[in-house]
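Here is the structure we will look at, set down as structure tokens.
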Amino acid sequence: MPLFDALYNYARWLVHEPAEAEDLVQETFLKGFRGFGSFAPGTNFKAWMFRILRNTFLSSRSGLRAVPSISIDEEPDEAIQIADAGPTPEALLLQQADRQQLQKAIEQLPLVFREVLLLGDVEELSYREIAETLSIPVGTVTSRLLRARRKVREALTR
Amino acid sequence: MTHLTPEEIMRIAEEGSDAPHLRECNACANAMLEEVRLRGAIRNAGRRYTAPDALRARVMRDLGSDRRRWRGWLPLAAAAVLVIAAITMIVVPRPPDARELIDLHVTMLASPNPVDVLSTDRHTVKPWFEGRIPFAFDIPELGATPWRLVGGRVVYWQQRPGAMLQLIRGNHRISLFIFRETAEPRNHAADGFHLRAWRSGELVYVLIADVPDEELAQIEKLFR
């Protein structure tokens with residue numbers, strides 16, 4: 001079945017509880033199945049299925065709890081300076097960071113950053129497809145991705 | 001010197017688009033490599049859970065009871081069958097020697113230090129191999145191409161020393177192995193990787209990456 005593992009992986013990252021993730025995936029497939037007639041050919045099927053899963057999650061109890069009460073885009077976007085020479089600190093920390101540390105860092109990200117990282121870096125959706133899935137502008141996708149990666153780097157250096 | 005912004009570095013790492021500045025600025029080139037490496041590490045760490053078989057069965061049962069709607073999914077099911085058939089066909093013939101090279105490539109992907117000489121400059125990378133391997137080879141100018149040289153290292157295959165160059169395009173890391181006096185493995189695809197090999201004089205070149213074979217063919221043209 002297409003996308004089965006990818007959707008389950010995404011669901012587990014969203015809700016943690018295996019049983020809840022399973023319910024999410026089951027409901028996603030049923031909704032996708034029933035609404036397949038409304039799927040517009042030519043648009044991205046993967047993005048469409050992820051959007052169904054995400055909307056199902058957002059209307060669930062854990063989804064409602066996870067949605068932040070303030071707009072994260074109002075946070076100031078501090079600039080990153082690039083050092084003029086020498087190995088970047090990321091080079092060193094990435095060598096030391098193992099998979100588990102990285103998973104912990106992703107887990108601790110606020111939902112808005114975690115999901116953009118999962119869709120972009122893990123599922124390799126394009127910025128446009130992520131924008132479509134999350135119903136946000138492409139520019140917001142870029143800034144969230146930047147900030148999500150920065151937060152991961154910060155978590156690894158802590 | 002004006003450095004690239006983090007947005008620009010992210011976009012270049014994503015699209016593999018050209019940025020002349022990267023050839024002049026080590027700090028930005030390093031920042032971009034780190035971006036690519038971090039994305040790879042996140043991708044690897046993010047693929048954490050596999051769906052249980054029981055769930056698969058449950059969903060199939062659900063969908064089965066919704067049978068009247070199957071018609072809409074038929075093209076999709078047909079496409080899935082085709083994909084599975086294609087994967088099965090390309091995985092079956094796998095010469096053992098090629099497998100070893102793919103393993104070397106995968107080891108490099110997983111390594112925190114994939115290269116021993118880290119440079120985007122071919123005039124730095126090529127001389128580094130002098131005295132380390134018993135032959136010389138040329139590296140073409142990649143400036144106007146979508147691929148960027150990252151560096152290289154010495155590898156052993158079939159008890160022979162050879163060179164491994166690493167190229168990147170966006171998220172994709174490409175290994176080019178160069179050996180002397182050996183038979184070239186057959187071109188093939190396995191586990192999502194394509195392998196493309198050719199001989200030029202006494203040297204054998206082998207490209208391996210998770211990119212389409214057509215892309216490897218373009219790189220082959222540059223090195224021929």
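Values below: every heavy atom of this structure, side chains too, minus hydrogens, waters and symmetry copies. Convention: sequence-line order gives letters A, B, ...; per-chain numbering from 1.
In this structure, the separation between CG on Leu117(A) and CG on Leu38(B) is 7.5 Å, given to the nearest 0.5 Å. Note that the CD1 atom of Ile42(B) and the CD atom of Gln103(A) stand 11.5 Å from one another [nearest 0.5 Å]. Distance check, rounded to the nearest 0.5 Å: CZ of Phe4(A) to OG1 of Thr50(B) gives 11.5 Å. Annotation: the span from Glu124(A) atom CD to Asn171(B) atom CG amounts to 5.5 Å, rounded to 0.5 Å.
The stretch residues 108-122 of chain A participates, sequence neighbours left out, in these side chain to side chain donor-acceptor pair (under 3.5 Å) pairs: Arg54(A)-Glu115(A), Asp121(A)-Arg149(A), Asp121(A)-Arg39(B).
The greatest number of non-hydrogen atom pairs below 4.5 Å with chain A, out of Met10(B), Arg43(B), Arg48(B), is found for Arg48(B).
Contact of the Glu7(B) side chain with the Leu145(A) side chain is not registered, since no non-hydrogen atoms from C-beta on lie closer than 4.5 Å. Residues Arg58(B) and Glu22(A) have side chains in contact (heavy-atom distance under 4.5 Å, counting atoms from C-beta outward). A heavy-atom distance below 4.5 Å is found between the side chains of Trp13(A) and Tyr49(B).
The nearest pair of heavy atoms linking Gly46(B) to Asn9(A) is O-ND2, 2.8 Å. The two atoms that bring Asp5(A) and Ala51(B) nearest to each other are OD1-N, 2.8 Å, heavy atoms only.
Interface residue Glu107(A): only side-chain heavy atoms are found under 4.5 Å from chain B. Proximity to chain B (any heavy atom under 4.5 Å) is shown, for Glu27(A), by neither the backbone nor the side chain.
When the salt bridge (Lys or Arg N to Asp or Glu O under 4.0 Å) test is applied to Lys104(A), no partner is found at least two apart in sequence or on another chain.
For Glu141(B), the CD atom is densely surrounded, since the number of other residues' heavy atoms within 6.0 Å is greater than 12.
Judged by distance alone, the side chain of Gln26(A) and the main-chain N or O of Val59(B) form no donor-acceptor pair under 3.5 Å.
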